Amino acid sequence: MRLTVLTIAVALFFTACKKEVSSTQNSSASKTAQKDSTVMASKEHDSASSNEAKIETFDFVTELCTNKGYFDSNTYSRKEIEGTYQLWFNSTAFDVSTPSVFKPDDLYKVRREKDLILAKLDSDYSKNKIALENLIVVNTPYWQNIKKAHLAELKQDYEKNKLQITAYSNPSVLLNNFFTKNCQNFAKALNGSNEEIMAEWRKLRETMSKRNGNPQKVMADFERNSQSIDWKDFAIADLITFGWGNCANDDVKRPSHDEKMNKEFDALFTKIDSECDEP
C-alpha cells in the first residue's frame, strides 16, 4: 500500500515538471517567433523604402525652351544626368579648333605661327580627350556608345585639323592620308602645276557660286583675285579651306543628333515641364 502511494507521488512529480518545461519551451518559442516576425517586418519595410522613387529635379535648356526634368535618383545619379545632358546638347565643348584661313594674310599668319598652332592643337586635344573620357554618363549601351562615338569624332577632327594646318605650308601632306580618299582632285591640284591649280580653283569657285545667295559676287571675287600678283596664295587658301577642308570634313564620322537621341534623353525623366518661346 505504501509502495503504491509512493509510485503515484513520483508520477505526479514528473508530470508537474514536464508541464513546467513544456510551458517554458512554448514561451521561448513564442518569443523567438515574435522576434523573427519583427525582423522580417523590418526588412520588408526597408526593402519597400529603398524601392520608393526618390524624385529630384534637373533644370536644362534647349534651343527654344527652359526645362525642368524630374528623375528618380535611385535609377540615375545627378552626375549621370548632367554628363548625359552635356553629351546630348553641349558636346561642342569638346571640339578642337584652329585659325580660319580665307585670304593671303590669314595664310601668311598661319605659316609663321604653325608650330604654336600645332602645339595648342595637341594640348587642346589631350585636354578634351581626358575630359570626355572622364565624363560620367548614364550607364546604358546607347549612351555609352554615343560617348565612344564622340571620342572617335574628336580624334578624327584633331587629325584632320593637324593635316590642314600643315598643308598651308606643305600641301604634299594631303596626298596620302585617310581624309584625301574622296578629295584627290584638291590634293593633286595643290601639288601640281600653276595651270592645274588655276583650273581646280575656278571649278571650286563655280561650285561655291551655285550654293551662294549671291553667285555673281563669288565669281567676281575669283576674277579679281586671279589677276592679283598673289593669286596663288588666294588659290591655296580657297583650295585648302573650302576645297579639301570641307571635303575631308564630310568624312569625319559624327554621332547623329536625331529624334532618337532626343527621345533617349527625355526617357531619363519621369516628367518634363517646359516653357518655350515661339520659333
Side-chain angles (χ1 to χ4, degrees), residues 58 60-63 75-101 110 114-188 190 239-269:
F58 175 70
F60 62 98
V61 297
T62 51
E63 287 89 349
T75 305
Y76 309 118
S77 71
R78 179 169 294 276
K79 279 190 174 295
E80 287 177 320
I81 294 290
E82 289 171 348
T84 304
Y85 169 68
Q86 186 169 6
L87 198 65
W88 170 63
F89 192 73
N90 196 30
S91 61
T92 54
F94 301 105
D95 288 352
V96 290
S97 62
T98 50
S100 299
V101 175
V110 165
K114 180 186 72 171
D115 291 342
L116 289 175
I117 294 169
L118 290 176
K120 184 178 184 303
L121 179 63
D122 288 344
S123 175
D124 288 348
Y125 170 66
S126 178
K127 178 182 67 178
N128 290 350
K129 179 174 179 287
I130 291 171
L132 187 51
E133 287 174 337
N134 291 337
L135 187 69
I136 299 172
V137 302
V138 169
N139 191 23
T140 62
Y142 178 82
W143 287 112
Q144 292 299 321
N145 286 335
I146 293 295
K147 181 177 174 178
K148 289 177 184 176
H150 276 295
L151 281 165
E153 175 191 24
L154 175 63
K155 183 179 180 182
Q156 289 191 7
D157 272 335
Y158 161 71
E159 292 173 345
K160 180 255 181 185
N161 286 356
K162 191 170 186 176
L163 275 172
Q164 188 164 334
I165 290 298
T166 305
Y168 290 122
S169 301
N170 178 19
S172 67
V173 299
L174 301 181
L175 288 171
N176 296 299
N177 59 78
F178 166 81
F179 298 100
T180 299
K181 60 183 179 181
N182 295 318
C183 315
Q184 291 287 343
N185 54 317
F186 301 114
K188 288 178 180 177
L190 284 160
L239 287 170
I240 294 180
T241 299
F242 299 113
W244 184 90
N246 285 348
C247 175
N249 193 59
D250 289 340
D251 283 333
V252 175
K253 294 181 180 179
R254 306 187 187 281
S256 297
H257 286 70
D258 52 16
E259 190 58 30
K260 177 175 174 55
M261 187 177 287
N262 296 340
K263 288 180 178 178
E264 289 285 344
F265 185 74
D266 288 350
L268 303 178
F269 302 94

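None of these values were measured; they are calculated from a predicted model.
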A side-chain contact here means heavy atoms from C-beta on lying under 4.5 Å apart; do Ile146 and Thr84 qualify? no
Straight-line distance of Leu239 CG to Trp244 CH2, nearest 0.5 Å: 13.0 Å
Quick one: which residue pairs count as a ring pair (Phe, Tyr, Trp, His ring centres under 6.0 Å) with a foot in residues 144-173, not counting sequence neighbours? Tyr125-Tyr158, His150-His257
Check Glu133 with Lys129, please: is the shortest side-chain N to carboxylate O separation under 4.0 Å? yes
Can you confirm whether the side chains of Asn182 and Asp251 place a donor and an acceptor under 3.5 Å from each other? yes
For Gly83 against Leu135, the heavy-atom pair lying closest together: O-CD2, 3.5 Å
From CZ (Phe94) to CG (Asp157), nearest 0.5 Å: 13.5 Å
Checking Asp258 against Ser256: is there a side-chain donor and acceptor pair closer than 3.5 Å? no
In chain order, what residues pass the salt bridge (charged side-chain N to carboxylate O under 4.0 Å, His left out) check against Lys253, with sequence neighbours excluded? none
Residues Asn249 and Lys160: closest non-hydrogen pair is N-CE, 4.1 Å
When you look at Phe89 and Phe60, which way does the ring-ring contact (aromatic ring centres under 6.0 Å, His included) test go after all the steps? CA-CA 10 Å; Phe89 192 73; Phe60 62 98; 8.4 Å; no
Please report the closest heavy-atom contact between Val101 and Thr241, naming both atoms and the distance. O-OG1, 2.6 Å
Between Asn170 (side chain) and Thr166 (backbone), is there a donor-acceptor pair under 3.5 Å? no
All salt bridge (charged side-chain N to carboxylate O under 4.0 Å, His left out) counterparts of Glu80, not counting sequence neighbours: none
Can you tell me how far apart CD (Glu153) and CG (Leu132) are? Round to the nearest 0.5 Å. 9.5 Å
Qualifying residues under salt bridge (charged side-chain N to carboxylate O under 4.0 Å, His left out), relative to Lys120, sequence neighbours excluded: Asp124
Distance check, rounded to the nearest 0.5 Å: Cys247 atom SG versus Asn185 atom CG? 7.0 Å
Look at atom CG of Asn176 and say whether more than 12 heavy atoms of other residues, nucleotides or ligands are closer to it than 6.0 Å. no
Among residues at least two apart in sequence or on other chains, which ones pass ring pair (Phe, Tyr, Trp, His ring centres under 6.0 Å) with Phe178? none
Evaluate the side-chain proximity of Pro99 to Ile117: yes if any heavy-atom separation is below 4.5 Å, no if none is. yes
Is it the case that Thr180 and Asn177 place a side-chain donor and acceptor less than 3.5 Å from each other? yes
Which heavy-atom pair separates Ala187 from Leu175 by the least distance, and what is that distance? O-CD2, 3.8 Å
Less than 4.5 Å apart, side chain to side chain, heavy atoms only: is that true for Leu116 and Leu118? no
Between Gln144 and Val137, the two heavy atoms sitting closest are NE2-CG2, 3.4 Å
From Lys114 NZ over to Thr98 OG1, what is the distance, rounded to the nearest 0.5 angstrom? 14.0 Å
Shortest non-hydrogen pair, Ala149 vs Pro255, comes out as CB-CG, 3.7 Å
Residues two or more places apart in sequence or in another chain: which of them pass ring pair (Phe, Tyr, Trp, His ring centres under 6.0 Å) with Trp88? Phe265
Hey, does Lys127 have a side-chain heavy atom less than 4.5 Å from the side chain of Val96? no
Tyr85 and Leu268, any side-chain heavy atoms less than 4.5 Å apart: no
Using side-chain contact (heavy atoms from CB on, under 4.5 Å), reason through Tyr76 and Asn139 one step at a time and then give a plain yes or no. CA-CA 9 Å; Tyr76 309 118; Asn139 191 23; over 6 Å; no
Interatomic distance, Asn246 atom CG to Cys183 atom SG [nearest 0.5 angstrom]: 9.5 Å
